[in-house]
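The structure appears right after this line, and notes come after that.
In what follows, every heavy atom counts, from backbone to side chain, and hydrogens, waters and symmetry copies are set aside. Just so it is clear, the model here is predicted, and its values are computed rather than measured.
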Amino acid sequence: MYRALIYLLLALVVAASCLLQYWGVRLLARLAVSKQNRVAIVSLALCALALAVFRDNIVVTDWLVLSVALFAGTLLSRQIPSVGGLVTFLTVAAIADLISTRVGPSRWLVHQAQHAHGLALIQFLAVSIRLKRTLVPIIGVSDLMFFTVCVGAMRRLGWPETPALAVPLLGLLSALGVGLFAGFTPALPFLAAAVILYAYASPSMAQRLCRS
């Protein structure tokens, strides 16, 4: 029961973070690229100013993580020309994430998060909450960035709005569920698997995938 409540809380944080990214993608899509760039500069400058005034404030650092993921993800999504390009991009990202978890930066960050001095760094790299005065990182900036890439590319390539949001979100929530039972679990392979499976399962998307 306790584990189920913890999963529900963490899932709500992940879902809320992803919904904010989704709404951000939709708002940015209405603007010209030059205006998107100006919005990014202003938002990140405000984050930096807020951090200077409210150092290590969890609301400000979460805002920073969400902003970086949104603008970096939007920029990357512009470079994906087709459904096949998205599948290739996610496949490479998933493999890199698995390697990073075993022997790379992700493994080091997990080790750092187990120590008090490491949590100060993690706060700037993940959307976090406080539980019983303990900082708990929930979803990393890279996972949110790739979620944003998926949403931006899928919408631009003509995917319906509902799967553009729900499919990558389901992948992230699946990773969260596995992680609660198996320990730290890389999220990108789950996100990639969800998007790729949908691309092949949907007749219209599968046709575009074959043409690309």
Side-chain angles (χ1 to χ4, degrees), residues 5-28 39-40 43-77 93 97 100-101 105-152 165-180 183-192 194:
L5 290 174
I6 291 295
Y7 175 79
L8 178 60
L9 174 61
L10 300 185
L12 286 173
V13 174
V14 170
S17 300
C18 290
L19 281 172
L20 288 172
Q21 296 299 104
Y22 172 74
W23 288 330
V25 168
R26 293 193 60 174
L27 289 173
L28 288 176
V39 170
S43 179
L44 293 175
L46 289 173
C47 285
L49 179 61
L51 280 173
V53 178
F54 305 103
R55 183 172 177 80
D56 296 339
N57 183 285
I58 195 170
V59 175
V60 176
T61 54
D62 284 350
W63 174 23
L64 174 65
V65 169
L66 291 167
S67 297
V68 170
L70 174 62
F71 299 125
T74 299
L75 177 62
L76 284 174
S77 71
D97 195 31
S100 177
T101 301
S106 296
R107 183 181 179 86
W108 178 81
L109 286 172
V110 171
H111 176 74
Q112 289 294 103
Q114 297 172 353
H115 302 83
H117 65 277
L119 282 175
L121 173 62
I122 296 296
Q123 185 174 344
F124 290 88
L125 299 175
V127 171
S128 307
I129 61 174
R130 291 194 184 276
L131 289 176
K132 298 180 179 179
R133 299 184 179 180
T134 300
L135 184 70
V136 180
I138 307 298
I139 181 168
V141 62
S142 61
D143 298 328
L144 284 170
M145 181 186 72
F146 280 100
F147 171 86
T148 304
V149 169
C150 290
V151 171
L165 168 63
V167 171
L169 176 58
L170 179 62
L172 292 177
L173 292 177
S174 299
L176 176 63
V178 172
L180 284 178
F184 176 71
T185 301
L188 290 187
F190 289 85
L191 185 152

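With contacts defined as side-chain heavy-atom distances shorter than 4.5 Å, the pair Leu64/Val68 qualifies. Between Phe124 and Leu51 there is a side-chain heavy-atom pair separated by less than 4.5 Å. Between Val25 and Leu70 there is a side-chain heavy-atom pair separated by less than 4.5 Å. Using a 4.5 Å heavy-atom threshold, the side chains of Val39 and Leu27 count as separate.
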Side-chain donor/acceptor pairs under 3.5 Å, residues 9-19, sequence neighbours excluded:
{"unit_1": "Ser17", "atom_1": "OG", "unit_2": "Val13", "atom_2": "O", "d": "2.8"}

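Ser67 contributes a side-chain N or O that, together with a main-chain N or O of Trp63, makes up a donor-acceptor pair within less than 3.5 Å. A donor-acceptor pair under 3.5 Å is formed between the side chain of Thr61 and the backbone N or O of Ile58. Remark: side-chain polar atoms of Ser128 are paired, donor with acceptor, to backbone N or O of Ala126 under 3.5 angstrom.
For the residue pair Pro168 and Val151, the shortest heavy atom distance occurs at CG-CG2, 4.4 Å. Closest approach of Met145 and Ala72 over heavy atoms only: SD-CB, 3.7 Å. Heavy-atom minimum distance, Cys150 versus Leu191: SG-CD2, 3.3 Å. Scanning both residues, Leu188 and Ala93, for their nearest heavy atoms gives CD1-O, 3.9 Å. For Phe190 against Gly171, the heavy-atom pair with the smallest separation is CB-O, 3.2 Å.
Taking CD1 from Ile138 and CD1 from Ile129, the interatomic distance works out to 4.0 Å, rounded to the nearest 0.5 Å. Separation of atoms CG (Leu165) and CZ (Phe147) is listed at 5.0 Å; rounding is to 0.5 Å. Between the CG atom of Asp62 and the CD1 atom of Ile139 there is a distance of 11.5 Å, given to the nearest 0.5 Å.
For Thr74, the side chain to side chain donor-acceptor pair (under 3.5 Å) criterion is met by no residue, not counting sequence neighbours.
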